Amino acid sequence: MPPVRDDGPDAGHTILSNGTTALLRIAQPGDADQLQHFVERLSPAATRHRFFSETAPPAEVIRALCDSSHPQRSLTLLALRRQDDALRIIASGSYHARGPHRAEVAMAVDDRLHGLGLGTILLERLALLAIRHGFTKLWAVTHADNLAMREVFATSGFTVEEHLEGGDMEVELSLTPTDQSVRQSEWRERVATTASLRPLFEPHAVAVIGASRSPQSIGYRLLHALDSNGFHGRCYAINPHASQIAGIGAFPSLRVLPEPVDLAVIAVPKDAVLSVVDDCAATGVRALVVITAGFAEVGEEGGRLQAQLLEKVRQHGMRMVGPNCFGILNTDPAVRLNATFTSTFPLAGSIAMSSQSGALGLALLAASERLQLGLSTFVSVGNKADVSVNDLLQYWENDAATNVIILYVESFGNPRRFAQIARRVSRNKPIVVLKAGRTASGKRAAGSHTAALASNDVAVEALFQQTGILRAETLEDMFALAAGLSDQPLPTGNRVGIITNAGGPAILCADACEASGLDVPELSQATISHLASFLPPAAALRNPVDLIASADPEQYALAIAALLKSDDIDALIILYIAVTATDVDPIAEGIKKGILTARATAPVKKPIYIGWMVETDRERRFSFTSETIPTFVLPELPARALGKIAGYVQWRERPAGMVPDFDDLDLSTVTRICRDALAARGEGWLTAAETRTLLSAMSIPLPASGVVTGAEEAALLAEQIGFPVAVKLASHTLVHKTEIGGVHLNLTNKADVRRAYEQIAARLAEDASLDVMEGVLIQPMVKDGVEVMAGMVQDPSFGPLIGFGLGGIHVEILGDVRFRITPLTELDAADLIRSIKGYRLLQGYRGHPPADVDAIQDLLLRLSRLVEEVPEIVELDLNPIFAMPPGQGYQIVDARIRVAGTAARVGR
Ligand code: COA
């Protein structure tokens, strides 16, 4: 497993606007000398701007700056990069508290590195850290002539106010992220990532390091693939033992090359990789493809080596694909880069492809050639130590040559980031993912219903649902989708016409269409009459249109043109099963003629797929100058692909959805409750009283109820609440209270309530191992409404998932619960509610009133906000909730919340 990336605001690497990178981390006392050095190297103007003095500050000020041990008081963030063989500070930014929620911010950037976005990056990260430590405003004083700094504030996207005070400018930033601040930082990251990957895909000169003399070796094959496929730049072999390999000039080291190269492809034995990377850094190489295996994929020691490799790469501001990868390809005719060890060079086209498995990458390339799928770029990402699928998505988003993105994924490095990027990219370019292996969600203690239900693949499924990703189940599916998306127009609706010469395949195809959400409608009378004018009486004319076994080429041509020109369908699937071998070629010609006629005359270009069931002619292609028709040997494949594509079109047409804001939340109370509970009792469930206060701080109402510690008190409270009531053991440890007799329902008088209290107390007294008596909860009995449940559980790699489904006993019997990844947009929440099988119950069923779906949606959005904001909450279960009729909200009957130290929280 590649190491988890650590790119929070306080540590990690960042990409500057010229595509180079820098390391970021919080200053430590040991940085004082370095920081002193840095400030002393600043130009006089920069010193004056940063410190309001002509000279650098004294050592004690620098020492104080390097003490970030009380981030609620002050904190310094450093940007570093390797320069002249040492890791040097290239920028620093600090904040200092100037009030409970207000901090002063100041920063300085190495004079030689101005204009690369470092100031903006520092400000953005300092703002995130300041928010984390309770600040809501940043404040700065700048010289009025410090235009660069003022520009950084002004373009940060935060709400900024400037006042001129005695010749200096006072700037105040409100730290609530605005749509604009989020959008701007996304945009910056996209531009920077694209710039940083350009040397990988468009190098001017490439060196293959470890280009072996042996023609069987990987190094030799890399060099040969690069050279024999018409690479437009220069290529060099690096080998200490040869002066020429495969007819290409070889050099003992990068340091003696006649020119610097921008891309190095590394295939030296693993123990030589680090020193080779040093050479790369010393000679100005910008990008690496590390083919060599033996890193994190082989265990702990390999993992350590990989960490060292990554550190070097990042310190020197380079980008790296791999290690343990099969290489990269760019088919752009102006580049023609084949930096893989297969000499197959794919057709140029609009599909960008990435594979996490090298071997599968080879198969993908071979299949794309066989299926005539045109590729723009291909990347075997290997261990994804540096360049990740998230980076590639951003690159392809901006890449004019790419229209479709295909990913073979085994694991998501940073799924939350993937979700953010994929959601955006999918709006313009479809993303097809074949996800191998189901997420092993780990063994969760089934402490809540939500946790017990959130198993296996739910997080991945939720991710795909929310981001518009087209999920391929098999390799075949993946290619069918790639072909359909790259070669054909998107359907504008989900009505499919089927033309066939045999009934059986057409039925299979029609069934597969229906199963994929497509409609195979009856044709209009006008179309049927037209078909009847040239088809034999035995032909079926309604849809599927069965031309019967005697179908001739002309009948195919006329029927195809007729259906494509009609308004009855949005897409066409043409099926043919060979009757006699001699018919095959003429029928293929007939099909082509029909397509050409329709394309020349039909007002709308509709997608066409072919199921060509001719065992002896499996490689048949229907290619025209302007398009290739995706052709399959099975009738169901085109139906499945078309169904997924139509679903994608629907997703894309929906508005993007917003994460709503609430102005009635008291998050500081929520945080305080969680932290106090953690401090007092450690990890575990909140008490009933804590849960109630926490939920009401989120404006999530609980019915009038209370916890009491005596039988008489219980009876009095029940009377106040109003009969009938439920009496439940208040416990923050026991999950299934019913099983130990801890729940008494429908009590209609004080005597029954007293008795219930005493029975529960006696049961606990009898068996001390169960729990200590904290008291009982008295609640009104809820009468009407649909029983639903909502909750949150942590997926080990995706972070919080919000679950919703039918509640009460239905949860256990039906398991009708679906999940979504946070943060939920209002559309995600609406969609989640509608995605459960039991949604019809919420719409009103057989005289039962419908439920207040709007209130449930509001509840889900508040839960999403709660778990996003308060990382201490690791599990939450509201079950059952009675969804009352419209306008009457919901009644939460049981609520449980588990807290843990924030280290337990993943995916942030
Ligand atoms: N600089 C330049 N060249 C060097 C070098 C260095 N520091 N160290 C070694 N070389 C040269 C060698 O001299 C040799 O050339 P030669 O055969 O002409 O003498 C060449 O590099 C290869 O070295 P060799 O020791 O023969 O290594 P190898 O071929 O056995 O293995 C790898 C190298 C990279 C192929 C191997 O380590 C490996 O990782 N294989 C698996 C790759 C893989 O599967 N990747 C994932 C694919 S999905």
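Here the structure is a predicted model, which is why all the values come from computation and not from measurement. First listed ligand is number 1; within each ligand, the first listed atom is number 1.
Classified by interplanar angle (parallel below 30°, tilted 30° to 60°, perpendicular above 60°), the ring pair W612/F622 is perpendicular.
Residue pairs that meet the salt bridge (Lys or Arg N to Asp or Glu O under 4.0 Å) test with at least one member in residues 392-403, sequence neighbours left out, are R190-E397, E397-R424.
When heavy-atom distances to ligand 1 are checked against 4.0 Å, the residues falling inside are I209, G210, S212, R213, I218, I238, N239, P240, H241, A267, V268, P269, A272, V276, I291, T292, A293, N324, C325, F326, F341, G358, ordered by chain and number.
Look at E410 and K384 and you find no salt bridge, because none of the NZ, NE, NH1 or NH2 atoms lies under 4.0 Å from a carboxylate O. Classification of D110 and R81 as a salt-bridged pair fails, no side-chain N sitting under 4.0 Å from a carboxylate O.
Within the 4.5 Å cutoff, the side chain of L360 has heavy atoms near those of the L475 side chain.
With hydrogens and angles ignored, the 3.5 Å screen pairs a side-chain donor or acceptor of H232 with a backbone N or O of P333.
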